[in-house]
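Remarks on the structure that follows.
When a residue number appears, it is its place in the shown sequence, counting from 1. These values consider heavy atoms only, across backbone and side chains, with no hydrogens, waters or symmetry-generated copies. Whatever order the structure lists them in is the order used to number ligands and atoms, beginning at 1.
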Amino acid sequence: MAVGKSRGLIIAGIGMALILGATLAAYRTPTPLGIDAAPTMFSAARARELLKELVGDGVPHPMGSPADAKVRDLIVKRLTALGYTTELQSGLACGFGACGTPTNIVATRGEPSGNDAVMLAAHYDSVPAGPGASDDGVGVANLLEIARVLSVMPAPPKHPIVLLVTDGEESGLLGASLFTREHPLAKHIWAAVNMDTRGVSGPSLMFETGMANAWLMRLYGRSTLEPITNSLCYVIYKLLPNNTDFTIFKAASYQGFNLAFIGDVAYYHTPLDSFENASPTTMQHQGANALSSLLALANASDLSPPAADSLFFDVLARAVVVWPVDFVLPAAVVALVLLAAATVLLIRRGQLSNSQAVFGFLGALINVLLSGAIGTALLALLRFLGRLPPMQGLSWIAHPLAMHVGFAALALLTTTAIAAWFARRAGFWGFWFGASMLVALLSLAIAIVIPAAGYVALLAALAAALGFAPSAWALIKERRPSQGAADFAALFPGLIGLSLLLPLLLLLYPALGAPAWPIGTIALCVTGGFLLPLLVHATRPARQRLTVIAAATTFGAICITVLLPTYSESWPQRVNVEYWVDADSGQAHWYTQTASLRLPRAMDETLKFDPVPRDRFQGYPLKGFFAPAPALKLALPELTQIAPNAGASAPGRMELLVRSARGAPKALVIFPASAKIHDIEVATPSGPLRAKLQTLNNGSTVFQAPGVAEGGLRFWVTAPAAPMTVQVADESYELPGDLPDGKKLQQARPKNATSSQDGDVTMVQRTVRVDPAAGR
Ligand SMILES: [Zn+2]
């Protein structure tokens, strides 16, 4: 085989392997520092001892529960022992269709007086299903370790630091809302660092900042040792429905940083989010980055940085590159103009014909479209074969490695196939033109729509222009570019593009699940377009060999994925069991909701379930399996219409009281679509507070009252002055003790399944008729 001809391809292969190795090495989480680390350093070993004290018992502690109060007391004790003035803040707060009464912990050293305080925040409540060791016990333990570091620092930072441990984050960011709305310290704060999670392991990502994004990113890059961050994640996060307390801090115009990790999402919001499963290396990464960025904010001299977005990304987790977003469009135009000039030069010197340029561009474009189409079809095939969870479930699987490799091989397969089909018509420079124009046009399009998102294409386009320089020099001298110069023109942008793309691909699957695969294949084909010209230089047997290897790898990966189970003990599917009483009909059911939309056999054999899954109630977004259950006489949830005080209320406005007569910790009210009730109002000491309600599939709206106190919760709604039928329900976080079938179902839940979120619950539901015109 003529190695000389395939030299570019061989260098590309070696370059890709080196980039993959360097990226994997750089994005490993750091070694945790031990108990005996210097007192001014953040030590994950010390934080882990605190974590054990907080959540080592494995007991869930949702807002309002006795376990929640126990965790709160432990945190207060620790902070007080460190010399902090600690205060509890309790009150009614609303958010995301829910209202409840969180109790925040606020700790300070010395009273902040100016508007320069910096806040460190984490939440101590967990979901009802699990102990929340990582979510957000790790954040709280890290906050306590950082509080200790601050207490031993020889000189205090320039600006005061406030510690906030919020409650009710899981119920709708309630504690953070209460703090920013009502706490006197809230107005003294100008920036916050928030620690939270959507998993139990992996590197700590800085994925959201305050409005002064450009200024903050420079600060973050300078201050943290191992920054992992990029503006594409930031753009994607803003598009997703996820929220953390930082959403509230940002709405209060605080600057600052939001940190989270997303590895092992299967454990997130389940009983497996335990102390044992919390990663010490992740704790070290998150804690050290939180401490250094907190101190950077607390020592900042400019407290009114301009609100400006930027394009940013980290370089191998060691430095952060920040570009003002205003540079993006001009840079994309410059890249396009330079590449156009290069094309003109190639044509003038007879190296490229018009038809070669057309075929080269078509080849590069078809490669991307074809890989996207095949990738999407593969995903549909896996779903059809039952190897991917259905749309309603979370789309991660127990053994994803084969598909990571398979979808990368698919990109190579379509690229080699396109090279074979178009090689003669496009030639080296035709493909180079096609790949360059594709990234240049893409970066221009992204620069116009979402400038911060397109840095991979933009830098690849600029690199294409730069990489052409040696060839341009030869052409200007009226010489033919050497093979080395030509290969360099393709290798340089291709490898630059890949080195920027790989860190994103590593995050994409943990972030999005299976849809990340075809997206990754498409992205690889965009930057991998620069392989096309190198494949033209390579010999035909070399090209064919690569095609066969890529095809075999893709096919093998599919086979492996089809043969391996979708769920495992260490990657369980989510299966909740619910005892559900419909008080109107007097009937009760077992209701089992599974992520796979298949009932585990052992559970199906325990009770006689309907084979077809149904909505829990009309408009409910998820389907589950029903089996009849004996109806227990449980006290019914109450929704009472309070008589209007004479002349006080506007027409259609009514006051309601929702209450769980059996003392369940959560109540829900579902208004019919016809009532058009989209928000409710509650009274707080600082005035009325509105909560926007969630809308279900059938247009009805839901109001949730988590952690509802014995006296219930009073609220107002405004509706057309006609009587309406409202559903009211309450939920307790366990199955009834006196029904053996419940215990049997729980025991039949296989090892590769786990409860999640609210966990196994008892729900009692009834309808109540209310009339806004009554008593008027
Ligand atoms: Zn959380």
Which of parallel (below 30°), tilted (30 to 60°) and perpendicular (above 60°) describes F207 and Y237?
perpendicular
Check: W517 ring centroid to Y509 ring centroid under 6.0 Å
yes
Hydrogens and angles aside, do R218 and S310 bring a side-chain donor and acceptor to less than 3.5 Å of each other?
no
Please say which of T594, N576, D760 ends up in a side-chain hydrogen bond (donor to acceptor under 3.5 Å, both in side chains) with R749.
D760
Which of T103, D125, D245 passes side-chain hydrogen bond (donor to acceptor under 3.5 Å, both in side chains) with T166? Answer is D245
Run through the protein N/O/S atoms less than 2.8 Å from the Zn ion (ligand 1) and write them out by chain and number.
H123 NE2, D135 OD1, D196 OD1
Evaluate salt bridge (Lys or Arg N to Asp or Glu O under 4.0 Å) for E49 paired with K52, printing each intermediate quantity in order.
CA-CA 5 Å; E49 293 205 331; K52 188 166 190 185; over 6 Å; no
